[in-house]
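Positions are given from 1, in the same order as the sequence printed here. The figures that follow rest on heavy atoms only: side chains count, while hydrogens, waters and symmetry mates do not. These figures come from a predicted structure and were not determined experimentally.
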Amino acid sequence: MDILQGLNPQQRDAVTHINGPILVLAGAGSGKTRVIIYRIAHLLSQGISPKHILAVTFTNKAAAEMKKRIEQFNETMDINGLWINTFHSASLRILRAHYPKKNFTIYDESDKSTVVKAVLKETNYDVKPNSVGSFISQCKNKMQTPSNHKPINFWEERMLNCYKLYQEQLEKHNGLDFDDIIMKTIHLFQESPQVLSHYQTRFNYLMVDEYQDTNYSQYLLIRMLAEKHHNICVVGDDDQSIYGFRGADISNILNFEKDYPSIKTVRLEQNYRSTKPILDTANRVIEFNRNRKGKQLWTEKTVGAKVEFRLLRNEHDEANFVVRTISEAMSRENRKLIDFVVLYRVNAQSRVLEDAFRMANIPYTIVGGMSFYSRKEIKDILSYLKIIVNPLDAVALKRIVNVPSRKIGASLVEKLEKYATINNLHLFEAMEKAELIDTLSDTQVKAVERFIKLIKKFMAIKDTMSISKLLNMLLLDSGYLESLKQEKTEEDKDRIENIKELVNVAVEFESKEQGIGLEDFLGSISLVANIDLWDDSSCVTLMTLHNVKGLEFPYVFLTGMEEGLFPHINSLNSDNIEEERRLCYVGMTRAKEKLLMTAASSRKLYGYGTGMPSCFILEAGIR
């Protein structure tokens, strides 16, 4: 089998350059995933062991798709030991193997918010929890700890104090938040050179997808791993760097050659997705950016519908136009619902669009809404599992200690916490000593002891049975499932179905990951993003522009193209227009056949929009 068959000259060049650093500037729709997959296959065909290869991307969905396609590439090819992971899942694998504190649990955004709110209650600061959480994330992405971050004003002094107290709580409860996963891995490498050397020796060949979206900690992690061999291939597009608000640093890709002077650069400019009118329009917009490497996308699909712009009277007319156009296309062109995506800059825009779709009785799905793993019943059951793994996790413990009701209410928990604080104990340890607490009644002591007995039972057996069997037993013994059955409401019926689906998740996990324990199951769930759960099977898709990168659709609606809304007013104030323009470029290049852009002369959306068409419309040259 000729592995290189079907590649264009530039793709072939990127695939066959094995030794030394290489930067692949892959334009939208130019087959970058294909290049990574063929590059891995080529390495294996050259006799390189799969255990010496590490490929890193940003979503579990992308990682799973890559692994699946490599497995299908050549059934005789040995890929045992090959790592294809997200940054966080690769780091988590390393931490599970080498981190000195075992049995840690991962705090999701909800858990993080709970700890932040407790910190704000303690400090009595009048600050929004989201502001504190964002500050902590920014610090960790820049590898700044509470001890090495220097505050520049009074506000930062307060934020830093919150960060310090927050981190103390995480360490006390043996918890890591999402940002800790990479940060702690780097600290592990810095403090244990032998561990770093082990992975530098193991991973002789590194590949990084979507390199333009890396933040400082991700950049540092990859640089440390590549330091020994310099056999690093990064694939990305500076024109699609759109996550600056999350800490992504476009300079990582723009300055790649400064880290690796012997770099080879390959540009993938042939687009296999969009028609010429769409590409020409997108190219005109992105060329207004100054801070870019520069490339010119082209396509052999020279014939196609011109890009349309419609200025509607208000947001309701805009939504009705979108719905009407979709209905007509389905009728006239025999289109399916999955052919359409409606994009918008801010989540608040979706409400009017949803109303229009409901009125027209057209099924739709929103990407970025509440995920499966954010639902109350799922978080409850996962909290039980977290306590079984790590009884020091006070956030999870307080969530489920009285769910279902077992007469361990807030006042009793408060007494237990007071005893724990006085005696320098964790909450779970205080509960183990309930009979020694003279402020508790006999009834309260017995209630606490029953709960502790339940948890310890599962702590003792968690490694002796499958995760799905453990889950089913826990649902029965805890009384959680029975409590939902007794309610008999439609909502509780839905919750029971969701819990059954969680058991299915465990079964699927076990089928893929033989011999992997409960800790790894919880870790895999903590890394799931909304986009990984997206099901496009029978609905029109609605999503923000930030969620659409990496996807493609025959029909794309880019709504809300008004100055102040898109580009967003914050970007106009902060002179960050270039990232907004890249975001527009990403949205435009999702379209395969038809791109329609809309704006409203009047929009009832507080704080957004001027009624003037976006500057991007003018730059695109759309008439």
Side-chain angles (χ1 to χ4, degrees), residues 4-15 24-38 62 65 69 210 235-240 242 266-289 292-310 322 325-326 328-330 332-343 536 540-541 545 548-558 561 581-598 616-617 619-623:
L4 305 179
Q5 187 178 359
L7 298 177
N8 67 37
Q10 292 74 31
Q11 291 173 335
R12 184 183 293 249
D13 200 9
V15 166
V24 182
L25 288 172
S30 62
K32 70 176 179 61
T33 304
R34 180 182 177 88
V35 164
I36 295 173
I37 290 165
Y38 275 66
E65 178 65 19
R69 286 173 64 178
E210 305 286 9
V235 184
D237 182 4
D238 50 311
D239 288 335
Q240 296 186 71
I242 60 173
V266 176
R267 282 176 166 79
L268 304 183
E269 297 175 306
Q270 182 176 358
N271 178 285
Y272 294 92
R273 176 189 299 151
S274 307
T275 61
K276 188 175 188 298
I278 293 170
L279 284 187
D280 288 347
T281 306
N283 283 335
R284 283 195 293 270
V285 172
I286 200 62
E287 283 172 359
F288 278 83
N289 272 6
R292 62 191 292 256
K293 290 278 189 182
K295 71 184 83 65
Q296 191 73 20
L297 293 187
W298 62 277
T299 180
E300 293 178 347
K301 299 178 181 179
T302 55
V303 178
K306 70 175 184 178
V307 177
E308 294 182 29
F309 170 66
R310 293 293 183 93
V322 170
T325 304
I326 290 174
E328 290 173 356
M330 290 178 67
R332 185 176 61 250
E333 303 171 27
N334 200 27
R335 294 287 182 178
K336 298 178 181 178
L337 292 170
I338 60 173
D339 291 341
F340 303 93
V341 68
V342 184
L343 305 176
D536 63 349
V540 174
T541 301
L545 281 148
V548 78
K549 194 158 75 67
L551 304 177
E552 58 182 39
F553 298 84
Y555 263 72
V556 171
F557 294 87
L558 230 172
M561 297 298 299
R581 189 174 286 113
R582 292 194 292 269
L583 187 58
C584 182
Y585 175 78
V586 165
M588 297 171 78
T589 54
R590 299 311 94 194
K592 296 167 70 175
E593 301 171 32
K594 185 75 174 175
L595 173 61
L596 300 100
M597 307 171 81
T598 63
F616 301 147
I617 296 296
E619 293 168 1
I622 305 173
R623 297 289 183 266

Evaluate side chain to side chain contact (heavy atoms under 4.5 Å, CB included) for Arg34 paired with Arg69, printing each intermediate quantity in order. CA-CA 9 Å; Arg34 180 182 177 88; Arg69 286 173 64 178; 4.2 Å; yes
Checklist entry - Can Val24 and Ile36 be said to form a side chain to side chain contact (heavy atoms under 4.5 Å, CB included), step by step? => result CA-CA 10 Å; Val24 182; Ile36 295 173; over 6 Å; no
field: Derivation and outcome, side chain to side chain contact (heavy atoms under 4.5 Å, CB included), residues Phe553 and Leu343
entry: CA-CA 11 Å; Phe553 298 84; Leu343 305 176; over 6 Å; no
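In this structure, the side chain to side chain contact (heavy atoms under 4.5 Å, CB included) partners of Gln10, at least two apart in sequence or on a different chain, are Asn8, Val266, Leu268. Applying the ring-ring contact (aromatic ring centres under 6.0 Å, His included) criterion to Phe557, with sequence neighbours excluded, gives no partner residue. Under the salt bridge (charged side-chain N to carboxylate O under 4.0 Å, His left out) criterion, Glu552 pairs with Arg273, Lys592, not counting sequence neighbours. Partners of Arg582 by side-chain hydrogen bond (donor to acceptor under 3.5 Å, both in side chains), not counting sequence neighbours: none found. For the salt bridge (charged side-chain N to carboxylate O under 4.0 Å, His left out) test, residues two or more places apart in sequence or in another chain that qualify with Arg292 are Asp239. Taking the side-chain hydrogen bond (donor to acceptor under 3.5 Å, both in side chains) definition, one finds that Lys336 meets it with nothing, sequence neighbours left out. Residues satisfying the salt bridge (charged side-chain N to carboxylate O under 4.0 Å, His left out) test with Glu65, not counting sequence neighbours, are none. Residues satisfying the side-chain hydrogen bond (donor to acceptor under 3.5 Å, both in side chains) criterion with Asn283, sequence neighbours excluded, are absent altogether. Here Thr598 pairs with Arg310, Leu312, Glu318, Phe321, Thr559 under the side chain to side chain contact (heavy atoms under 4.5 Å, CB included) rule; sequence neighbours left out. The salt bridge (charged side-chain N to carboxylate O under 4.0 Å, His left out) search around Lys32 returns Asp209, Glu210, not counting sequence neighbours. The side chain to side chain contact (heavy atoms under 4.5 Å, CB included) check on Arg335 picks up Ala329, Met330, Glu333, Asp339, Phe340, Pro554, Tyr555, Glu593, with sequence neighbours excluded. When the side chain to side chain contact (heavy atoms under 4.5 Å, CB included) test is applied to Ser274, the partners found at least two apart in sequence or on another chain are Asn271, Ile278, Leu279.
Proximity of a side-chain donor or acceptor of Arg590 to a complementary backbone N or O of Leu551 within less than 3.5 Å is detected. Between the Glu308 side chain and the Leu596 main chain, no donor and acceptor come within less than 3.5 Å of each other. Looking at Gln11, its side chain does come within 3.5 Å of a backbone N or O of Ser30 through a donor-acceptor pair.
Within 6.0 Å of NZ on Lys276 lie no more than 12 heavy atoms contributed by other residues, nucleotides or ligands.
The CG atom of Leu297 lies 3.5 Å from the OH atom of Tyr585; values are rounded to the nearest 0.5 Å. Remark: Thr275 OG1 to Lys301 NZ distance equals 8.0 Å, nearest 0.5 Å. In this structure, CG in Asp237 is found 8.0 Å from OG1 in Thr589, a value given to the nearest 0.5 Å. For the atom pair OG1 of Thr299 and CD of Glu269, the computed distance is 13.0 Å after rounding to the nearest 0.5 Å. Distance check, rounded to the nearest 0.5 Å: CD1 of Ile617 to CD1 of Ile622 gives 4.5 Å. With rounding to the nearest 0.5 Å, the separation of CG in Leu7 from CG in Leu4 is 6.0 Å.
Listed here is the closest heavy atom pair of Lys594 and Lys306: NZ-O, 4.0 Å. In terms of heavy-atom proximity, Phe288 sits nearest to Glu619 at CE1-CB, 3.5 Å. Across all non-hydrogen atoms, the minimal contact from Ala305 to Pro277 is O-CB, 3.5 Å.
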